[in-house]
Structure formats: C-alpha cells, structure tokens
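Structure record follows, encoded as structure tokens.
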Amino acid sequence: MPDGICATEPIKTERSGASTPEPRTSHAVLNVEVIEDRGPEVDVRYNFHTLNHRYKVTDQFFGTIFVTLRKDGDGLVIAAKKIVLKNDYIRQVIDVYHV
C-alpha cells in the first residue's frame, strides 16, 4: 500500500450520503392505485418523484413502486416491495432515502 493509506481507515471525500451537509430531499407519491384486494393482503402500485439537493445540485429520481400490504392487528405492514427506477442515467450511488 502507498505511504499514508491505512486499509482500516475510510476514505474521506465528504461525498457520502451520511456526511454533512445533509442532503435536502422531497418525495412526491402520485397515482396510487389498488391493483388487487385479497382480504388480508392488498397489492398497490404508485409512482414517485424524488428531488435531492446537495452541493448546489438538484438530482431527481422517479419510477413506480409495487407493494403488498398485509393487515397486522389494527395496522398494515409491508409484505413485499418492488421499486422500478425509470431514470436512464444516474450520476451517483442511490441510497434508500432517494426512493
């Protein structure tokens, strides 16, 4: 290894999604549609549009989410989820808060 680089030390680029400044993110959920109601489970499809602003640049991500919701007591839990990202070019690593 070159001098000054330690294998156990993370590379510090300040470009990680967990670093500061924290990105400002806005999520829009659109066109929510119940595909099938099977009693205790419901299949839902919806579109999303996410804006993420950081380092004076705003990126956008959009697509469709398919989710199966299952009744659990008085609430609902996510039993299955599929995300279809429809951007054809992505210039960065996508994290869970983008979708």
*Could you state whether Val34 and Phe66 fall into the same hydrophobic cluster, counting links through intermediate Ile, Leu, Val, Met, Phe, Trp or Tyr residues with side-chain heavy atoms under 4.5 angstrom apart?*
no
*For the pair Val44 and Leu69, evaluate side-chain contact (heavy atoms from CB on, under 4.5 Å) and give the outcome as yes or no after the intermediate values.*
CA-CA 8 Å; Val44 178; Leu69 302 174; 4.2 Å; yes
*If you group Ile, Leu, Val, Met, Phe, Trp and Tyr by side-chain heavy-atom gaps below 4.5 Å, do Val32 and Ile65 land in one group?*
yes
*Provide the closest heavy-atom pair for Gln60 versus Asn87 in the form atom of the first, atom of the second, distance.*
O-ND2, 2.7 Å
*In Å and rounded to the nearest 0.5 Å, what is the CG to OG1 distance from Asn52 to Thr25?*
4.0 Å
_Side-chain touch Phe61/Leu85, heavy atoms, less than 4.5 angstrom_ = yes
_Heavy-atom check, side chain of Ile83 versus side chain of Phe48, under 4.5 Å_ = yes
*Given the rule in the side-chain contact (heavy atoms from CB on, under 4.5 Å) test, do Asn47 and His49 qualify, once you have shown the distances and angles that lead to the verdict?*
CA-CA 7 Å; Asn47 295 322; His49 183 211; over 6 Å; no
*Test side-chain contact (heavy atoms from CB on, under 4.5 Å) on Leu76 and Lys71 and set out the steps.*
CA-CA 5 Å; Leu76 296 170; Lys71 292 179 185 172; 3.8 Å; yes
*Looking at side-chain heavy atoms only, is the closest gap between His53 and Leu51 below 4.5 Å?*
no
*If every non-hydrogen atom of Arg70 is compared with every non-hydrogen atom of Ala79, which pair is closest and at what distance?*
NH2-CB, 3.4 Å
_Derivation of the side-chain contact (heavy atoms from CB on, under 4.5 Å) call for Thr68 and Ile78_ = CA-CA 6 Å; Thr68 299; Ile78 298 173; over 6 Å; no
